[in-house]
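Everything numeric here is computed off the predicted structure, so don't read it as measured data. Residue numbers count from 1 along this sequence.
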Amino acid sequence: MSNEQIQAPTIRVLLALAHSGLPNSSLRYAATLTRALGGELHVLRVIPRIMRTNPPRSMRDTAVAVKTIERMVQISRSMRPWLLAELGESQLVSRFVLRDGAFIAQVAERARSLDAKLIVVPAEEAASPAKVAALARACAARVLVARGLPLDPALVEALARPASCSGFNAGASPARARN
């Protein structure tokens, strides 16, 4: 086998967002980390379930669904310039996914479909160490809580090594996850 045929597997990093509005610092952090790892960045935005029942039981259900869809469009439009700059036009469709439903379930499903080895969540998404641990277990991947701090080279080196287990909040203790 020649050196050209031997390639390290691509590290797929999933930035998982839900309630964080437009988390510019988390987007930049995930992009910087992904580049440092020589990986591939994917972005998942999870919104609350659009329709609680199908078909809607009342006009209120329909109004809630319409409002949720309008918010989804607004979020997508606000993220589009950054995503275009970071992912490029050709990768935008395949690497930015918008889903409705339960956050942990949707992140786990997307992480499995990508075979993502690292999930980055903004600090405002990681409401508790228990939520971060549940996410790590559900995804069987390392979870890193982005806090907007400068990227630590030791962290990049540690994340580049294969994980011996699913990990917990890569590089941070449960107590730090609350800060």
Side-chain angles (χ1 to χ4, degrees), residues 12-35 39-149 151 169 177-179:
R12 289 187 185 89
V13 177
L14 178 61
L15 174 60
L17 308 167
H19 305 291
S20 51
L22 183 59
N24 290 320
S25 63
S26 297
L27 292 168
R28 281 191 300 276
Y29 188 88
T32 303
L33 177 62
T34 301
R35 278 192 295 275
E40 188 177 276
L41 179 62
H42 294 261
V43 180
L44 171 66
R45 171 67 94 168
V46 180
I47 61 170
R49 183 154 314 279
I50 292 174
M51 297 295 284
R52 302 251 188 268
T53 61
N54 194 12
R57 291 185 183 158
S58 68
M59 286 303 290
R60 184 180 183 287
D61 287 346
T62 303
V64 168
V66 168
K67 188 174 209 129
T68 302
I69 291 169
E70 287 171 350
R71 176 146 168 70
M72 187 169 54
V73 169
Q74 177 187 23
I75 289 167
S76 296
R77 284 187 180 147
S78 66
M79 291 179 72
R80 184 173 170 75
W82 181 89
L83 292 168
L84 279 172
E86 190 57 44
L87 304 178
E89 186 77 46
S90 65
Q91 299 296 316
L92 187 60
V93 173
S94 65
R95 292 199 196 168
F96 174 58
V97 175
L98 201 54
R99 293 204 175 138
D100 74 320
F103 182 72
I104 291 176
Q106 291 299 326
V107 173
E109 182 181 315
R110 183 69 176 149
R112 280 192 298 274
S113 73
L114 293 171
D115 191 26
K117 300 300 180 206
L118 177 63
I119 298 163
V120 177
V121 294
E124 54 269 28
E125 304 294 348
S128 69
K131 184 175 180 180
V132 174
L135 188 57
R137 280 191 307 275
C139 299
R142 293 173 169 173
V143 175
L144 178 68
V145 177
R147 304 199 178 289
L149 302 173
L151 193 58
N169 195 13
R178 285 186 290 250
N179 294 337

Report task. Quick one: pull up CD1 in Ile47 and CZ in Phe103 and give me the separation to the nearest 0.5 Å. Result -> 13.5 Å
Query raised in the report: Do you know the tightest heavy-atom contact between Gly101 and Val46?
Result: O-CG1, 3.5 Å
Query raised in the report: Looking at Leu15, Val13, Leu118, which hits side chain to side chain contact (heavy atoms under 4.5 Å, CB included) with Leu144?
Result: Leu118
Report task. Work out which heavy atom in Arg45 is nearest to a heavy atom in Ala18; give both atom names and the distance. Result -> NH1-O, 2.9 Å
Report task. Compare every heavy atom of Val145 with every heavy atom of Ala123, then report the nearest pair and how far apart it is. Result -> CA-CG1, 3.6 Å
Query raised in the report: For Ala16 and Pro122, which heavy atoms make the closest approach, and how far apart are they?
Result: O-CD, 3.3 Å
Query raised in the report: Where is the tightest heavy-atom contact between Arg110 and Leu44, given as atom of each residue plus distance?
Result: CB-CD2, 3.9 Å
Query - Side chain to side chain, Val107 and Cys139, heavy atoms closer than 4.5 Å - result: yes
**Report entry** Point-to-point distance, once rounded to the nearest 0.5 Å, from CZ of Arg12 to CG of Leu114
**Finding:** 6.5 Å
Report task. Indicate the atoms forming the closest heavy-atom contact of Leu14 with Ala111, along with that distance. Result -> CD2-N, 3.9 Å
